[in-house]
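Presented below is the structure to which this report refers.
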Amino acid sequence: MTSRILTEFLEKGFADLKSKGLLNTIDVLESANGPIIKVAGKELINLASNNYLGFATRPEIIQADIDATKEYGAGAGAVRTINGTLKVHIELEEEIAKFKGTEAAIAFQSGFNCNMGAISAVMKKGDAILSDELNHASIIDGCRLSGAKIIRIKHQDMADLEAKAKEAVESGEYGKVMYICDGVFSMDGDVAKVPEIVKIAEKYGLITYIDDAHGSGVMGHGAGTVKSFGLSDKIDFQIGTLSKAIGVVGGYVAGSKLLIDWLKSQGRPFLFSTSLTPGSAAAAKEAFILMENHPEIVEKLWDNARYFKEKLKGIGFDIGHSETPITPVILGDELKTQEFSKRLIEEGIYAKPIVFPTVPLGTGRIRNMPTAAHTKEMLDKAVEVYEKVGKELNLI
Ligand SMILES: *Cc1c(COP(=O)(O)O)cnc(C)c1O
């Protein structure tokens with residue numbers, strides 16, 4: 001027997017979402033998540049993944065996964081602190097720290113988990129967190145979980161940050177004060193103003209936390225946004241994911257040895273959730289080695305991104321102010337955005353609508369992710385379809 005109250009809640013909730021164009025359909029891929037995917041028996045050019053470097057299907061990475069799985073088994077068998085820390089986990093963390101230019105690193109099961117664990121390991125009730133209003137959902141949830149006071153900062157507005165940092169610190173109301181933001185904002189592709197953040201943080205004694213999920217493997221020849229500014233030793237927490245450019249799954253914090261030791265002792269997902277599979281840890285490690293030895297992979301990503309963005313802009317779309325390969329095509333209205341994506345897919349281009357609550361209401365968009373694995377021909381074909389559908393729906 002199911003609860004009548006639950007059923008009513010769910011049915012009403014679905015009807016509401018549907019009427020506002022906020023209900024996304026979930027498609028099933030019948031192939032690997034590469035530049036071409038198969039959905040419902042049809043091959044499509046894929047512009048929807050976060051597989052920036054094509055690493056999800058890279059043979060060397062798949063092989064590393066297979067080798068480690070054979071050696072260490074399918075699963076780690078326990079949480080890290082009990083007996084789930086395998087040699088591959090340590091090797092991965094050493095590789096990450098080396099690549100990021102920090103003293104140490106800790107791997108989590110996902111980027112989301114990282115934010116659940118790392119923020120609340122340090123920030124407590126009585127502390128304050130200054131948080132950019134467009135931060136990723138996992139940052140918002142991680143901040144809430146900590147119990148600290150959350151103070152919203154206008155998106156990338158450094159004057160607002162400075163004013164609120166001054167107010168929070170000088171009020172004497174709070175213990176510690178942290179500033180937290182995305183390194184690359186996932187829906188707009190703009191980059192955190194790291195030098196200004198560092199300046200303000202130094203002036204007011206803020207703890208700094210940059211979640212570079214979309215910057216790791218992309219910015220700074222792959223080492224991320226913070227390193228691209230040469231400020232690796234100035235940001236306390238550098239978060240990255242192993243699930244986007246790295247192509248596998250997992251997340252990490254890079255920072256001082258003191259901080260990483262603390263997170264290994266206090267990070268709750270580290271303590272209470274089974275560690276990354278050996279295959280995933282080894283595959284992710286291989287991805288960092290590949291980036292180091294083959295800088296041309298990251299270059300190809302940027303080359304493809306520049307090419308694609310120029311063409312889309314050229315035919316008259318609003319592609320926002322992205323500074324990275326993230327290429328939004330901003331359409332505004334949610335229902336129109338859904339319709340646009342549907343038509344793109346029918347025409348062979350897989351690009352998904354992003355609407356509220358992932359982005360603010362009225363800023364619906366199709367988010368495109370050109371990757372290092374796309375060919376120019378694939379990107380040309382995508383632009384051709386964009387032009388066709390754009391004209392059909394009177395948008396260009
Ligand atoms: C995608 C994303 C995450 C989540 O990373 P996963 O490894 O997929 O859990 C966390 N933070 C930001 C800023 C992201 O864009």
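The figures that follow rest on heavy atoms only: side chains count, while hydrogens, waters and symmetry mates do not.
Between R152 and D132 there is no salt bridge, since none of the side-chain N atoms of the basic residue sits less than 4.0 Å from a carboxylate O of the acidic one. Contact check on E167 versus K164 returns no salt bridge, with no Lys/Arg side-chain nitrogen under 4.0 Å from an Asp/Glu carboxylate oxygen. Ionic pairing of D27 and K352 is present here: one or more N-O contacts between side-chain nitrogen and carboxylate oxygen are shorter than 4.0 angstrom. Using a 4.0 Å cut-off between charged side-chain N and carboxylate O, E103 and K98 make no salt bridge. Salt bridge K381/E377: absent, no basic N to carboxylate O contact under 4.0 Å. Using a 4.0 Å cut-off between a side-chain N of Lys or Arg and a carboxylate O of Asp or Glu, K20 and D16 qualify as a salt bridge. Salt bridge absent: R343 and E339 never bring a charged side-chain N and a carboxylate O closer than 4.0 Å.
Under the side-chain contact (heavy atoms from CB on, under 4.5 Å) criterion, E196 pairs with M158, K193, sequence neighbours left out. A search for side-chain contact (heavy atoms from CB on, under 4.5 Å) contacts involving A305 returns P325, P370, not counting sequence neighbours. In this structure K42 satisfies the salt bridge (Lys or Arg N to Asp or Glu O under 4.0 Å) test with no other residue, sequence neighbours excluded. Taking K199 as the reference, nothing meets the side-chain contact (heavy atoms from CB on, under 4.5 Å) condition, with sequence neighbours excluded. In terms of the salt bridge (Lys or Arg N to Asp or Glu O under 4.0 Å) criterion, D333 has no residue partners (sequence neighbours excluded). With sequence neighbours left out, H155 forms a ring-ring contact (aromatic ring centres under 6.0 Å, His included) with F185. With sequence neighbours excluded, the residues satisfying salt bridge (Lys or Arg N to Asp or Glu O under 4.0 Å) with E170 are K166. Not counting sequence neighbours, the partners of K154 by the side-chain contact (heavy atoms from CB on, under 4.5 Å) test are E133, D157, D160. With sequence neighbours left out, the salt bridge (Lys or Arg N to Asp or Glu O under 4.0 Å) criterion links K376 to D303.
Ring planes of F308 and Y386: perpendicular class, angle over 60° (limits at 30 and 60°).
For residues 54-75, the salt bridge (charged side-chain N to carboxylate O under 4.0 Å, His left out) pairs, not counting sequence neighbours, are R58-E60. Identified under the salt bridge (charged side-chain N to carboxylate O under 4.0 Å, His left out) test for residues 360-369, with sequence neighbours left out: D188-R365. Among residue pairs with one or both ends in residues 273-289, those qualifying as salt bridge (charged side-chain N to carboxylate O under 4.0 Å, His left out) are E91-K285; sequence neighbours excluded.
Listed for the W302 side chain is no donor-acceptor partner under 3.5 Å among the backbone atoms of A372. Here the side chain of H89 pairs no donor or acceptor atom with the backbone of A281 at under 3.5 angstrom. For the pair N46 (side chain) and G34 (backbone), a donor-acceptor distance under 3.5 Å is present.
Interatomic distance, I37 CD1 to E43 CD, rounded to the nearest 0.5 Å: 10.0 Å.
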